[in-house]
Amino acid sequence: MLTIQGQRLQQQLETLAKLARGPEGICRLAYSESFWRSNEYVAGLMRQAGMEVSTNPVGNVVGTYAGEEAGRIVLGSHIDSVVNAGMFDGCLGVLAGIETVRTLHENGIRPRHTIEVAAFAEEEGLVIAGLVGSRAYCGLPPTEIMVERMEQHGFNQADFAAARCKGPIDYALELHIEQGCVLENQRRQVGVVSAIIALKRFLVEFSGTENHAGTTPMPLRNDALVKAARFVQRVRQVVMETDPDMVGTVGKLDVTPNAMNTIPGKVVLTLELRALNAASIDIAYQRLMEEFRDDISACQLTMQQPSYHMDDTVRQAIREAAADLGFTWMDMGSGAGHDSMSLAQVTRAGMIFVPSIGGISHSPLEKTSWEDVANGANVLLRAAEKLDRL
C-alpha cells in the first residue's frame, strides 16, 4: 500500500505559509503579491512531482499527470486566504494533491486516468466573488459581480472561458480541514462529506421611534433594538426546534442613531440560515416572519445557494480508503462552502475532512495535527487509486 511522505508535506505547508505570513497571521488574498508568489511555489512543486503545469490570468495553477487511457480525476482546492488566516484552509488540499501525484510518480506508477491537481483562485470571495477559479475551470458562467470586477485584476471573460478544463472530468476529490469541531468531539479521524449546505441570507429591519433616553418612560417607548433583541433570541430557539443539523446566525447589527442617550429608532440585522435540507431554511424563516410580523418593517433576501450533494461512488471510495488504512470515519455534512460546490455541478465529486483542533479556522489559531494531515493525504491517495480503477 502506497503512502505519502508526511514530513515532506509538512515542510511544504510550512514553506507555503511563510510566503504569506505577517505579524498577525497569514494573508494571501487572491491576486495579491503574496498570492502570485505562492502560485509560483505551488507550480514548482507540481513540476517536481512530474506534472506539466499551466497557469492562467484567472489565477489557477493546474498540474497534469498524464494517464494511460482516457478520463480525468481532479484533486485540489485553493490557496487564497482570509485576512489573518491559518496555514491549512485550502492549502492542505492543494499540497496533498501534489503529494499524491508525487508518490505515484516516484513509484513509477502511471494511472489509467489523467490526474490533474488544481490550485483554484479566489475561493474565499474577498476580492471578486467566491469560487472564481473553480467556476472557470468547470466551465460554469461567471456571476454578474465577477464580470463587473475581473478586469480590475487583469483578466476578462475570454480569459475566464479559456481557463476551462481541457476535457471531461470523471471524478473530483477535495481534501480539507473540517473547520469545525464535530470530528474532534466524535473522536473520528476522517469525515466523509455527504453534502455542502444550502444557505440563505437576509437583511431584516426593525423600526421604532427615536426619542430622548432620559425623558421617555419605559412603558411609552417604541425601541427598535428591543424588538431586534427578542428576534435574535428566537433565531436560536426556532432553528434548534426546526432541524438539529441546521444553524442560524445573526452576525451584524446596524443601530440608528447608535447614540448612548437616544432610544434606537431603527435596527437592520443580518440573518443567515444554513442547512443540508433546504426546506428547513424556509420553514424556520417563515416561523420567524410570522412571529415577528408586527415588529419587522422590511426583509430582503441578499444571497442564496442550494445544497450540493457529493457523489455516492466517490463517498464509498473515501470510506473504503479510510477503512483500508485503519482510520475511524463518519459521514457528515459541510457547513462551509468549498470549491467542490463548483465541481459537483459538472462531475462526480467528493470531499474528505480531517479534524480541526478546537474547531478553529479562518484564524491564526487554526491548527490540525501533523498526524491528521498525513492521514488525510493518505486517504486522498488511496481513494484516488480506487477511483482510477473504476
Side-chain angles (χ1 to χ4, degrees), residues 1-5 8-9 12 16 38-79 91-121 133-140 159-175 311 313-314 317-318 321 339-340 342-344 346-352 376-390:
M1 189 182 300
L2 294 179
T3 55
I4 60 94
Q5 290 193 25
R8 179 167 64 194
L9 179 56
Q12 291 170 354
L16 182 59
S38 299
N39 264 9
E40 291 177 3
Y41 175 68
V42 168
L45 293 180
M46 289 176 172
R47 294 187 184 97
Q48 292 173 22
M51 289 182 272
E52 295 184 2
V53 181
S54 64
T55 60
N56 55 58
V58 170
N60 289 346
V61 181
V62 180
T64 302
Y65 191 61
E68 294 180 339
E69 301 175 16
R72 191 179 311 267
I73 299 173
V74 176
L75 315 177
S77 191
H78 63 98
I79 65 168
C91 297
L92 172 58
V94 175
L95 297 195
I98 296 172
E99 180 64 23
T100 291
V101 171
R102 188 165 184 172
T103 301
L104 297 174
H105 182 62
E106 289 177 342
N107 285 274
I109 296 173
R110 183 63 60 176
R112 291 177 56 240
H113 295 76
T114 290
I115 298 179
E116 288 198 342
V117 180
F120 297 119
S134 57
R135 284 187 68 86
Y137 180 84
C138 291
L140 300 172
D159 297 319
F160 192 95
R164 183 173 184 170
C165 179
K166 300 303 185 276
I169 304 169
D170 293 292
Y171 303 102
L173 280 167
E174 181 176 7
L175 170 63
D311 179 76
T313 298
V314 180
I318 296 169
D339 287 306
S340 289
S342 299
L343 289 155
V346 298
T347 190
R348 292 168 284 188
M351 289 195 72
I352 304 161
N378 278 317
V379 173
L380 179 69
L381 168 61
R382 186 73 173 158
E385 289 181 301
K386 289 179 178 293
L387 293 174
D388 185 51
R389 292 194 290 267
L390 296 179

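Nothing fancy with the numbering, it's 1 onward along the sequence.
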[X] and [Y]: which non-hydrogen atoms are nearest, and at how many Å?
| X | Y | answer |
| --- | --- | --- |
| Asp339 | Ser134 | OD1-OG, 2.9 Å |
| Val94 | Val117 | O-CG1, 3.8 Å |
| Leu387 | Ala317 | CD2-CB, 3.8 Å |
| Ile4 | Ala377 | CG1-CB, 3.8 Å |
| Cys138 | Val346 | O-CG1, 3.5 Å |
| Ala119 | Met46 | N-CE, 4.4 Å |

Working to the nearest 0.5 Å, report the span between [atom1] of [X] and [atom2] of [Y].
| X | Y | atom1 | atom2 | result |
| --- | --- | --- | --- | --- |
| Arg382 | Ile318 | CZ | CD1 | 14.0 Å |
| Glu69 | Thr114 | CD | OG1 | 10.0 Å |
| Glu106 | Glu99 | CD | CD | 7.0 Å |
| Arg72 | Glu116 | CZ | CD | 4.5 Å |
| His105 | Thr100 | NE2 | OG1 | 14.5 Å |

**Message:** Go through it in stages, so that I can follow the logic: the residues are Val61 and Val53, the test is side-chain contact (heavy atoms from CB on, under 4.5 Å), and I'd like the CA-CA distance, side-chain angles, deciding distance and then a yes or no.
**Reply:** CA-CA 7 Å; Val61 181; Val53 181; 3.9 Å; yes
**NZ/NE/NH1/NH2 to OD/OE distance under 4.0 Å, Lys166 and Glu52** = no
Look only at the side chain of [X] and the backbone of [Y], and say whether a donor-acceptor pair between them is shorter than 3.5 Å.
| X | Y | result |
| --- | --- | --- |
| Asp388 | His113 | yes |
| Arg110 | Ala66 | yes |
| Asn60 | Ala118 | no |
| Asn107 | Thr103 | yes |

With a 4.5 Å limit on heavy-atom distance, are the side chains of [X] and [Y] in contact?
| X | Y | value |
| --- | --- | --- |
| Met51 | Ile98 | yes |
| Leu9 | Leu95 | yes |
| Gln12 | Tyr41 | yes |
| Tyr137 | Ile169 | yes |
| Pro111 | Tyr65 | yes |
| Leu2 | Ile109 | yes |
| Thr55 | Asn39 | no |
| Thr347 | Val74 | no |

**Prompt:** Where do Leu104 and Ile115 land on the side-chain contact (heavy atoms from CB on, under 4.5 Å) test, with the steps shown first?
**Reply:** CA-CA 11 Å; Leu104 297 174; Ile115 298 179; 3.7 Å; yes
**Message:** My understanding is that only residues two or more places apart in sequence, or in another chain, count here; which of them pass ring-ring contact (aromatic ring centres under 6.0 Å, His included) with Phe160?
**Reply:**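 Phe160 satisfies ring-ring contact (aromatic ring centres under 6.0 Å, His included) with no other residue.
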**Message:** Taking salt bridge (Lys or Arg N to Asp or Glu O under 4.0 Å) as the definition, give me every residue that meets it alongside Arg348, ordered by chain and number, with sequence neighbours left out.
**Reply:** none
**Request:** Could you pull out all residues at least two apart from Glu40 that satisfy side chain to side chain contact (heavy atoms under 4.5 Å, CB included)?
**Result:**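 For Glu40 there are no side chain to side chain contact (heavy atoms under 4.5 Å, CB included) partners, ignoring immediate neighbours.
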**Prompt:** In terms of heavy-atom contacts, does CZ of Arg112 have more than 12 from other residues, nucleotides or ligands at under 6.0 Å?
**Reply:**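 Atom CZ in Arg112 is packed in, count exceeds 12.
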**Message:** Is it true that Ser77 and Glu174 share a donor-acceptor pair across their side chains at a distance under 3.5 Å?
**Reply:**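 The criterion, which ignores hydrogens and geometry beyond distance, is satisfied for Ser77 and Glu174.
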